[in-house]
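Down below is the structure, laid out as structure tokens.
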Amino acid sequence: MKEFLSKIYQVDDNIINEYLSHWEACVVPRKTIMTSSGKTQRYLYYVLEGVQKSYYLHEDKQHIILFSYAPSFSGVPGSFLTQTASKYYLETITESKFLRISFEKHQQFLEEHRQIETLFRKAIEQLLIGLMERHHELMAFDIETRFKIFTKRSPHLLRLISQKDLASYLRIDSTNFSKLMNNIRI
């Protein structure tokens, strides 16, 4: 995790080591809802192993917003950062191993160490840039282009995630997704 964080922003060794000492390991079985709509996310997660999805429900249908997997953070950022009820769900697709830190401990380090605050500001900037790029792809491109961009960027996810979930993430009908899988060379 230290290597992952150092790629975002360099923090003095003594500060980052102290911060990382407050993260605890946890294992969550597959198909476990970690954060529910209406509940507040109390921990920030760093994925060591496994795949998770964030989604919302509309008319009992899942609409997938994102997938998380190692090495990355996982969770519902809005709920964690503001300590308010989530509008979304966070669910494990596979058994997942995490490091996690409580909101209170994380907040304490943000307040006490400017370098940790800068690190997470830069991480949130990267998240925002990624979300804007994804929004652009969903709004500007047809289904075939979205599919091609996704398979070029994340081909490994085709083996880890069901076609139904991938279709939802790309906002493509499952039947059309299957046709794209059969007709487009990856």
Side-chain angles (χ1 to χ4, degrees), residues 4 7-8 26-41 43-82 84-100 123-186:
F4 172 80
K7 289 178 183 175
I8 299 170
C26 69
V27 178
V28 180
R30 68 186 288 273
K31 294 193 174 208
T32 299
I33 295 177
M34 296 173 59
T35 302
S36 297
S37 178
K39 302 291 183 187
T40 302
Q41 184 172 311
Y43 291 93
L44 175 60
Y45 297 94
Y46 176 77
V47 184
L48 297 171
E49 292 179 22
V51 181
Q52 306 81 48
K53 62 182 175 181
S54 291
Y55 60 90
Y56 65 93
L57 293 176
H58 179 70
E59 297 178 358
D60 293 326
K61 181 179 178 187
Q62 284 186 13
H63 297 272
I64 297 176
I65 301 165
L66 64 86
F67 298 107
S68 51
Y69 48 90
S72 70
F73 292 110
S74 185
V76 181
S79 178
F80 178 76
L81 294 171
T82 62
T84 57
S86 176
K87 296 178 183 176
Y88 312 104
Y89 292 84
L90 173 65
E91 182 178 340
T92 56
I93 293 174
T94 63
E95 179 179 90
S96 299
K97 295 179 182 176
F98 301 98
L99 294 176
R100 71 180 190 177
I124 291 169
E125 288 170 359
Q126 289 178 4
L127 174 67
L128 179 60
I129 291 165
L131 289 172
M132 292 302 296
E133 182 65 27
R134 175 162 155 66
H135 185 71
H136 173 256
E137 290 170 7
L138 289 172
M139 300 301 292
F141 300 131
D142 62 25
I143 64 173
E144 184 173 329
T145 303
R146 290 196 307 265
F147 180 82
K148 287 178 178 178
I149 290 170
F150 174 79
T151 56
K152 184 176 182 180
R153 181 179 54 229
S154 305
H156 61 288
L157 294 182
L158 295 170
R159 295 183 310 273
L160 300 173
I161 299 170
S162 73
Q163 286 190 12
K164 178 183 172 192
D165 281 352
L166 291 172
S168 172
Y169 174 75
L170 293 171
R171 296 191 50 87
I172 299 173
D173 179 83
S174 294
T175 304
N176 290 335
F177 185 89
S178 182
K179 288 177 186 175
L180 290 168
M181 282 290 290
N182 292 329
N183 295 330
I184 294 178
R185 190 173 179 165
I186 299 171

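Aromatic ring centroids of Y43 and F98 lie 6.0 Å or more apart. Between F147 and F177, the distance from one ring center to the other falls under 6.0 angstrom. Aromatic pair Y55/H63: ring centres not closer than 6.0 Å.
The cationic group of R134 lies under 6.0 Å from the six-membered ring centre of Y169 and within 45° of the ring axis, placing it in a cation-pi geometry.
Between the side chains of Q62 and K164, not a single donor N or O lies within less than 3.5 Å of an accepting N or O. A donor-acceptor pair shorter than 3.5 Å cannot be found between the side chains of S168 and D165. For S86 and S79, the side-chain atoms include no donor-acceptor pair closer than 3.5 Å.
Counting heavy atoms from C-beta outward, H135 and L131 have side chains that stay 4.5 Å or more apart. You'll find the side chain of L81 reaches within 4.5 Å of the side chain of I124, heavy atoms only. Looking only at side-chain heavy atoms (C-beta outward), Y56 and I65 come within less than 4.5 Å of each other.
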Chi angles and distances behind the side chain to side chain donor-acceptor pair (under 3.5 Å) call for Q52, S96: CA-CA 8 Å; Q52 306 81 48; S96 299; 2.9 Å; yes

Residue pair V28, Y45: steps toward the side-chain contact (heavy atoms from CB on, under 4.5 Å) verdict: CA-CA 11 Å; V28 180; Y45 297 94; 5.7 Å; no

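Under the side-chain contact (heavy atoms from CB on, under 4.5 Å) criterion, T84 pairs with T82, sequence neighbours left out. Looking at residues two or more places apart in sequence or on another chain, you find a side-chain contact (heavy atoms from CB on, under 4.5 Å) between E95 and V27, K97.
In this structure, S154 contributes its side chain and T151 its backbone to no donor-acceptor pair below 3.5 Å. No donor-acceptor distance shorter than 3.5 angstrom exists from the side chain of S178 to the backbone of T175, with no hydrogens or angles considered. In terms of modelled atom types and a separation under 3.5 Å, the side chain of T94 and the main chain of V51 share a donor-acceptor contact. Remark: side-chain polar atoms of T92 are paired, donor with acceptor, to backbone N or O of T32 under 3.5 angstrom. Looking at N176, its side chain never comes within 3.5 Å of a backbone N or O of I172 through a donor-acceptor pair.
Of the charged side-chain nitrogens involved, at least one lies within less than 4.0 Å of a carboxylate oxygen, so that R153 and E137 count as a salt-bridged pair.
Distance OG/S174 to CE/M181: 12.5 Å, rounded to 0.5 Å.
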